[in-house]
Novice: 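Questions regarding the structure given below will be posed in turn.
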Amino acid sequence: MRGRPHLHTSYSADQALMPTTTKKVALAIFLVLAALAPIASSIPIYPDFLGNNDWMKLLSHVAIFGIGALGINLLTGVAGQVSLGHAFFMGLGAYVGVVFGAPAGDLWGWGLPMWIWLPMAGIIPAAIGLLVGPAAVRVRGLYLAFATLGLVFIGEWAWRNLKFITGGSFAGRRFPEFQLRMWKEEEPLVDFASDGVWLGFEISEEAKVYLLMLGLLVVATVLAKNLQRTRAGRAFQAIRDRDIAAEIMGVNEFKYKLMAFGISSAYAGVAGALFASFVGRQIPETWDLFLSVEFIAIILIGGAGTVSGALMGSAFVILLPRLVQDFTEWLSNVIADGEGLLASVADAVISVSPDDFGVVNILPGAGPGLSVFQLNQVLFGLLVILFMIFEPLGLYGIWLRIRNYWKGWPFTY
Amino acid sequence: MSTATRPSALLEVRDISLSFRGLVALEGVSFHVTEGELFSIIGPNGAGKTSIFNCINQVYRPQEGSILWKGDSLMGLKPNQTAERGIARTFQNIALFAHMTVMDNILSGRHIRMNHGWLAGMLWWGRAKQEELENRHKVEEIIHFLEIERWRKHPVGLLPYGIQKRVELGRALAMDPELLLLDEPVAGMNLEETEDMARFILDIQDELGITTILVEHDMSLVMDIADRVMVLDFGRKIAEGLPEEVQTNADVIRAYLGTTGDASMQEFG
């Protein structure tokens, strides 16, 4: 209906994922732009730097963590069960992936193609999740957080000791590369692990991996969004909001909590396997408590319980350190360039030599002030606190407010 | 209701007793509800009215007695299984799913009337899509019935109290129940909202023919619309009968006024 985006004449139009034309167009533009990022330099006015290999890597990282965040969002945001066990299931997925996908050698590996090892990295963690789930879902709130915390430590211990799978502490092992094969043939059908030419464009390995991750993220997002708007998703939210009322409405609380646990573990497993292969070599220490906490932070910052919040949160948490680093570098260049108010402000913020005072130092060794890494840690903690106090709906809530403001503009409401 | 054509009991509660450690909540309470009836339970605060609902839903497990639904025992079922049997409920303190929209709340009442699993839902495929759209139609009927069209897509947590109560009634109706348990549907409402709610309760009786148990403190409402009334005091049943019989019962007056005086219950109304 032209000019009346909210006039729907059928239930299927009203229940659609993208109910308005504006949303459809905006999403389409966004997806096209995202897909064109690898050839940014050949498109006028498109920011060139996005096509650089390190930005391609960064965006792949965002996409992988986005998949993981969709999983924890389903369990913690949608079903309301706070879990710190996400890192365990990611690790599990990674090692399932490597056993199925890596070529046999000193360590276990069956060398199966990606269309087997990637789904397996979801299915087996889901099965393990359903196995340990019954014990976990009997407790709620903080107690559940603690029960799942235990999983992370059991996992870390197991990964360190299962040397024939994981490569052992601080050694790790190589994970399978992103190559599509029918079976075990030499020449992969689609090789994401080396540079090449696609549709006449020079595409680097990093850009290929980025496109693959983008595609997987889109699939994972559509699945999560569909789940949330259908019967099971409503049951999850009902349990989150009022568990006893949900039961009296006919929701089998135990079954649906377990289901949320299983599906969330599958997402975690796939994200873990992708992350391990994306980095290439991983050590057992990767799958630690901090990783779990990072995911909780992602959905808190993004907006718990919303799919778009999970995605915005992971983009924010992954890109922030990079932006901070670039910004400090830019500031130090300003100092080097010379005089002016900006330079003196920058000089106060940044210490460039051991006896120069500054909040942040960019020296190779220790110096006065925080290192960029430490600054990022401080910012991370600070942001989580600020979001919890001032914007419990996270980035999604901020977006909602901006949108509603412009919807009514120039009227207040 | 004439005794000659009285249908058999839909719900029969026999001698249930419920206590929490030393605290006795219900003591040997028996009653039955027949099909199509509007049965009301009244009593002072703490008399055990809501406890009876929680026993019927099996949220509480009475230590003694039995609860029969169409002749079969409800005892030992899970709360969600009582829902599957056809028992729906609203709550004294609104228990809506606060972060969901009005539509999703009512749709969640359709949970037991749908069959598709998580995988079909994730793929928005086959039965999932078909069921979601069919049940959306059913939800629209309820939204229309309760006249809450304009709040359809609002998150319920943001709605006024009276509307939330109505949405909760809608969620219960969405279950297509055979028995509706209403726990203080007009508590805290002004006169206009109370009258609206009374009309909905009567419409549910007349148009939908759903048997209802009403727990309520608003005596004038109960006396106006109930077919039969049971009075509880400190977990015991002290009277049962037609509204006018109960109104003049000496025990009931004593329970409410704490005296043996001959004041009539009419004074409450």
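Chain letters run A, B, ... following the sequence lines, proteins first, then strands; residues in each count from 1.
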Novice: Decide yes or no for B:M103 and A:Q15: does some side-chain heavy atom of the first lie under 4.5 Å from some side-chain heavy atom of the second?
Specialist: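 When only atoms from C-beta onward are counted, A:Q15 and B:M103 do touch, with a gap below 4.5 Å.
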
Novice: Which answer fits B:M175, side chain, backbone, both or neither, if we ask what part of it has an atom under 4.5 Å from a heavy atom of chain A?
Specialist: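 Just its side chain gets close to chain A.
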
Novice: In the structure I gave you, are the side-chain heavy atoms of B:W118 and A:M259 within less than 4.5 Å of one another anywhere?
Specialist: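 Yes. Closest side-chain heavy atoms under 4.5 Å.
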
Novice: With respect to chain A, which residue among B:T82, B:L133, B:I87, B:V59 yields the maximal number of heavy-atom pairs within a distance under 4.5 Å?
Specialist: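 Highest number of pairs under 4.5 Å: B:L133.
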
Novice: Can you check whether B:N80 reaches A:N252 side chain to side chain, under 4.5 Å on heavy atoms?
Specialist: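 B:N80 reaches A:N252 side chain to side chain.
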
Novice: Tell me, yes or no, whether the heavy-atom count around A:Y143 atom OH, taken from other residues, nucleotides or ligands under 6.0 Å, exceeds 12.
Specialist: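 Not more than 12 within 6.0 Å, no.
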
Novice: Of all heavy-atom pairs between B:H111 and A:A235, which one has the smallest distance, and what is that distance?
Specialist: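 What the structure gives for the nearest pair is CE1-CB, 3.7 Å.
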
Novice: Roughly how far, to the nearest 0.5 Å, is CD of A:E247 from CD of B:Q58?
Specialist: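 It is 11.5 Å, given to the nearest 0.5 Å.
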
Novice: When you measure from the side chain of A:D241 to the backbone of B:A98, do you find a donor-acceptor pair of N or O atoms at a distance under 3.5 Å?
Specialist: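 Yes, because the side chain of A:D241 sits within donor-acceptor range (under 3.5 Å) of the backbone of B:A98.
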
Novice: What's the separation between atom CZ in B:R136 and atom OG in A:S12, rounded to the nearest 0.5 Å?
Specialist: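 Answer for the CZ-OG pair, B:R136 versus A:S12, is 10.5 Å.
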
Novice: How about A:N226 and B:L123: do any of their side-chain heavy atoms sit closer than 4.5 Å?
Specialist: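 A side-chain contact under 4.5 Å is absent here.
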
Novice: With a 6.0 Å cut-off (strictly less than), is the heavy-atom count around CZ of B:R113, excluding the residue itself, greater than 12?
Specialist: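 Enclosed: over 12 neighbouring heavy atoms sit under 6.0 Å from CZ of B:R113.
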
Novice: Counting only non-hydrogen atoms closer than 4.5 Å, does A:M249 touch chain B with its backbone (N, CA, C, O), its side chain (CB onward), both, or neither?
Specialist: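 Looking at A:M249, backbone and side chain both touch chain B.
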
Novice: Would you give the length of the straight line joining atom NZ of B:K78 to atom CZ of A:F254, rounded to the nearest 0.5 angstrom?
Specialist: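 Separation between the atoms: 7.5 Å.
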
Novice: Checking the side chain of A:R242 only, and the main-chain atoms of B:I94 only, is there a donor and an acceptor separated by less than 3.5 Å?
Specialist: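 Answer holds: yes.
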
Novice: Is chain B contacted by the side chain of A:I263, its backbone, both, or neither, given a heavy-atom distance below 4.5 Å?
Specialist: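 Answer is side chain: those atoms of A:I263 sit under 4.5 Å from chain B.
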
Novice: Answer yes or no: is there a donor N or O on one side and an acceptor on the other, between the side chain of A:R231 and the main chain of B:H116, under 3.5 Å?
Specialist: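 Yes, A:R231 side chain to B:H116 backbone: donor-acceptor pair under 3.5 Å.
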
Novice: Quick one: closest heavy-atom pair of B:A83 and A:I248, and the distance?
Specialist: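 Scanning both residues, the minimum pair turns out to be CB-O, 3.2 Å.
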
Novice: Under 4.5 Å from any heavy atom of chain A, what part of B:N105 do you find: side chain, backbone, both or neither?
Specialist: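 The answer is neither part of B:N105.
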
Novice: Locate the shortest heavy-atom distance separating A:A245 from B:A95; write the atom from each residue and the value.
Specialist: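 Minimum heavy-atom separation between A:A245 and B:A95: CB-O, 3.5 Å.
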
Novice: Would you say the side chain of B:W124 lies within less than 4.5 Å of the side chain of A:R229, judging by non-hydrogen atoms?
Specialist: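 With C-beta onward as the side chain, the pair touches.
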
Novice: Give a yes or no on whether B:L77 atom CG has more than 12 heavy-atom contacts from other residues, nucleotides or ligands under 6.0 Å away.
Specialist: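 Counting other residues, nucleotides and ligands, CG of B:L77 exceeds 12 neighbours.
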
Novice: Between B:M122 and A:Q228, is there a side-chain heavy-atom distance shorter than 4.5 Å?
Specialist: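 A:Q228 vs B:M122: side chains apart.
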
Novice: More than 12 heavy atoms of other residues, nucleotides or ligands under 6.0 Å from CZ of B:F20: yes or no?
Specialist: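 Correct, the count exceeds 12.
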
Novice: Does atom NE2 (B:H217) have a neighbourhood of more than 12 heavy atoms from anything else shown, all under 6.0 Å?
Specialist: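 Enclosed: over 12 neighbouring heavy atoms sit under 6.0 Å from NE2 of B:H217.
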
Novice: Go through the atoms of B:L107 and report whether side chain, backbone, both or neither lie under 4.5 Å from a heavy atom of chain A.
Specialist: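 Both parts, heavy atoms under 4.5 Å.
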
Novice: Hey, what do you get for OG1 (A:T230) to CH2 (B:W125), rounding to the nearest 0.5 Å?
Specialist: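 Result: 14.0 Å between the selected atoms.
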
Novice: Are B:K153 and A:D14 close enough for a salt bridge, meaning some N to O gap below 4.0 Å?
Specialist: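 Judged by the 4.0 Å cut-off on N to carboxylate O distance, B:K153 and A:D14 do form a salt bridge.
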
Novice: With a 4.5 angstrom heavy-atom cut-off, which part of A:R240 approaches chain B: side chain, backbone, both or neither?
Specialist: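 Looking at A:R240, just its side chain touches chain B.
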
Novice: Is A:L142 atom CG crowded by more than 12 heavy atoms from other residues, nucleotides or ligands, each under 6.0 Å away?
Specialist: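 No, the 6.0 Å shell around CG holds no more than 12 heavy atoms from other groups.
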
Novice: Given a strict heavy-atom distance threshold of 4.5 Å, which part of B:D104 is in contact with chain A: side chain, backbone, both, or neither?
Specialist: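 Both parts, backbone and side chain.
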
